[in-house]
Engineer: 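Starting off with a structure, shown below.
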Amino acid sequence: MRMPIFSLLALVVAAALFAAFLAIGNEYLFFAGYVVVQYVVIATAWNILGGYCGYVNFGTGAFFAVGAYATVALHKLQNYSENNFPPAVAEVIAVIFPLPIPVLILIGGLLSGIIGLLMGYLTLRLRGVFFAIATLALAVVLQTLVVNWDYVGGSRGATILRPPTTSLFGMDYIHYLFALMLLLAAISIIIARGIERSTFGYGLASIRDDELAAEAAGVPTLRLKLACTAISGALMGMAGAPFPYYVGYVEPASTFSLIYAVNAIAMPMVGGTAGWLGPLLGSLTLGSLQQIASVTISSEASLLLIGVILVAFVVLAPRGMLGWFDRLRPKRKGMVATGGGH
Amino acid sequence: MTAFLEIDAITKKFGGFTALDNITISVGRGERVGLIGPNGSGKSTVVNCLSGVFSPELGAIRFRDQDLRGLRAFERTRLGIARSFQLPKPFRSLTVAENVRVPLLYAGRGRSKAIDEQCHDLLTRVALHDKADWLPAALTQVELRKLELIRAVATEPELLLADEAMAGLSGSEVTEIVAFLLQLSDDGVTIIMIEHIMSAVMSFSNRLVVLVSGKKVADGDPQVVVKDPIVESAYLGQ
């Protein structure tokens with residue numbers, strides 16, 4: 001399928017989903033759906049670096065939190081400027097702020113993209129488990145910074161009061177956030193698929209398989225890896241930017257939570273890391289299961305569930321759900337023989 | 001006059017171990033150089049210094065009058081220095097055709113033909129076109145070697161470093177690879193062949209360079225070099 005058609009289809013599916021949720025009319029559906037769709041973005045973003053390029057990022061929480069805290073910082077700027085800035089500056093800020101959420105998403109994405117680039121520059125010489133540890137360390141460093149940054153609430157956290165409706169057609173705020181996240185998910189999937197079929201995607205695959213051979217084939221590995229961490233980080237930050245408006249209260253421990261990292265890894269693994277469909281399948285199933293388990297059993301049970309499912313998949317279906325369909329593609333001989341994916 | 005490739009007094013150390021000691025080799029365009037030596041003599045280190053995996057502590061390498069210092073491996077590939085690896089390093093998650101596609105996309109210069117067509121043409125040259133959709137895991141050893149070579153050829157090199165492209169192959173398979181390399185040489189590619197299989201080296205090279213413990217001990221006409229007492233003692237003992 002050609003890219004423009006695929007893109008259009010992704011957007012139509014997202015719009016149809018939104019319309020279906022409106023038709024069902026259950027408010028909780030939007031609230032829970034937001035989290036699931038947010039994980040579609042996160043898992044897709046993680047897979048661009050982890051699945052396509054073979055670098056396991058454990059710092060998803062950090063990128064997500066950079067997006068979230070960028071929003072908090074900008075949200076607080078209006079009040080802060082009234083008391084601390086010269087009146088002229090404060091007036092300008094009062095006109096511009098509060099920034100619309102799409103703008104906050106872009107800012108969050110830009111910031112975490114830059115963080116991704118910096119992290120990449122520092123850590124991409126490391127491979128395998130060492131890279132994973134370095135990304136985890138990044139998350140700890142950033143969390144420590146935020147805990148000690150009083151302006152965004154430090155370890156107390158920050159409360160954000162969102163209006164009940166948006167200025168956009170008087171839309172319900174949760175509906176609005178859900179629609180934005182759906183759009184972001186569609187865009188992430190379009191980006192992921194676009195990368196897959198591109199020269200960039202082939203370059204990433206060659207890096208994943210063998211970096212020395214990739215260089216010998218003329219692939220500028222460092223440059224591609226940097227671009228990859230930046231794109232992946234940016235999408236994670238974008239997923240985090242509307243988060244403060246969604247929960248209303250942000251504090252470091254939950255925003256930097258390891259749960260994001262674990263889910264970001266588990267979802268593509270369960271779905272299959274080879275293409276855009278894997279993270280989508282994985283995040284939809286695991287994300288929904290988590291939401292259902294949180295309501296019917298307990299939120300701790302939902303975590304346990306992820307652990308058990310991840311272990312089961314790693315042992316029994318190392319190529320994820322997509323691996324179940326490999327048998328239907330006899331053309332790619334050797335697929336079954338290679339077994340455990342990358 | 002400057003040579004096509006000049007390895008000018010390079011020294012490469014790993015900690016206290018001197019892998020290459022003041023090596024000077026000058027290669028003219030179109031030459032077929034056989035680089036031989038016992039295990040650990042530094043043959044692969046030469047390849048790695050040329051292709052940009054290692055950088056020598058002393059000395060310089062010039063390719064077509066350009067100093068290669070500071071150029072990364074992929075930049076050297078794009079300049080026209082291709083290599084194959086001693087142990088085949090196929091891109092395991094990509095099909096055979098995609099394996100060739102990567103260098104075509106990143107280092108290929110011929111944009112006249114569609115990339116699919118170029119892939120097909122290249123694979124036909126090593127009789128892998130029927131297996132274009134296979135994954136490397138399903139290939140035999142000799143096919144992996146051919147894939148390794150054709151992936152290097154896909155970068156349209158002027159200089160090819162064939163690092164033990166025939167290790168572990170049977171007699172007829174060796175002949176096949178040598179024929180392929182000779183054809184490549186006829187097409188104008190300068191080739192440095194690193195090899196243990198003497199029959200292959202002797203039938204291919206028009207010049208032989210011998211390394212022993214990181215030092216160059218002989219360089220010249222293959223028939224003369226193999227009779228050199230120093231070379232004989234290095235290989236057979238005194």
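Predicted model, so just to flag it, every value in this text is computed and none were measured. A, B, ... follow the sequence lines: proteins, then strands. Residue 1 opens every chain.
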Engineer: Check this for me, if you would: do B:Lys89 and A:Asp210 make a salt bridge, where the nitrogen-to-carboxylate-oxygen distance has to be below 4.0 angstrom?
Structural biologist: yes
Engineer: Any idea which heavy atoms bring B:Tyr106 and A:Pro220 closest together, and the distance?
Structural biologist: CD2-CD, 3.6 Å
Engineer: Taking side chain as everything from C-beta outward and backbone as N, CA, C, O, which of these in B:Arg72 sits under 4.5 Å from a heavy atom of chain A? Side chain, backbone, both or neither.
Structural biologist: both
Engineer: Once rounded to the nearest 0.5 Å, what's the spacing between atom CG of A:Asp209 and atom CD of B:Glu98?
Structural biologist: 10.0 Å
Engineer: Looking only at heavy atoms, which of residues 194-207 of chain A get nearer than 4.5 Å to chain B?
Structural biologist: A:Thr199, A:Phe200, A:Tyr202, A:Gly203, A:Ala205, A:Ser206
Engineer: For A:Ala217 and B:Phe91, work out which heavy atoms get closest and say how close.
Structural biologist: CB-CZ, 4.4 Å
Engineer: If I measure from the heavy atoms of chain A, does B:Thr155 come under 4.5 Å with its side chain, its backbone, both, or neither?
Structural biologist: side chain
Engineer: With only heavy atoms counted, which part of B:Arg101 is less than 4.5 Å from chain A, the side chain, the backbone, both or neither?
Structural biologist: side chain
Engineer: If every non-hydrogen atom of B:Phe74 is compared with every non-hydrogen atom of A:Glu215, which pair is closest and at what distance?
Structural biologist: N-OE1, 2.8 Å
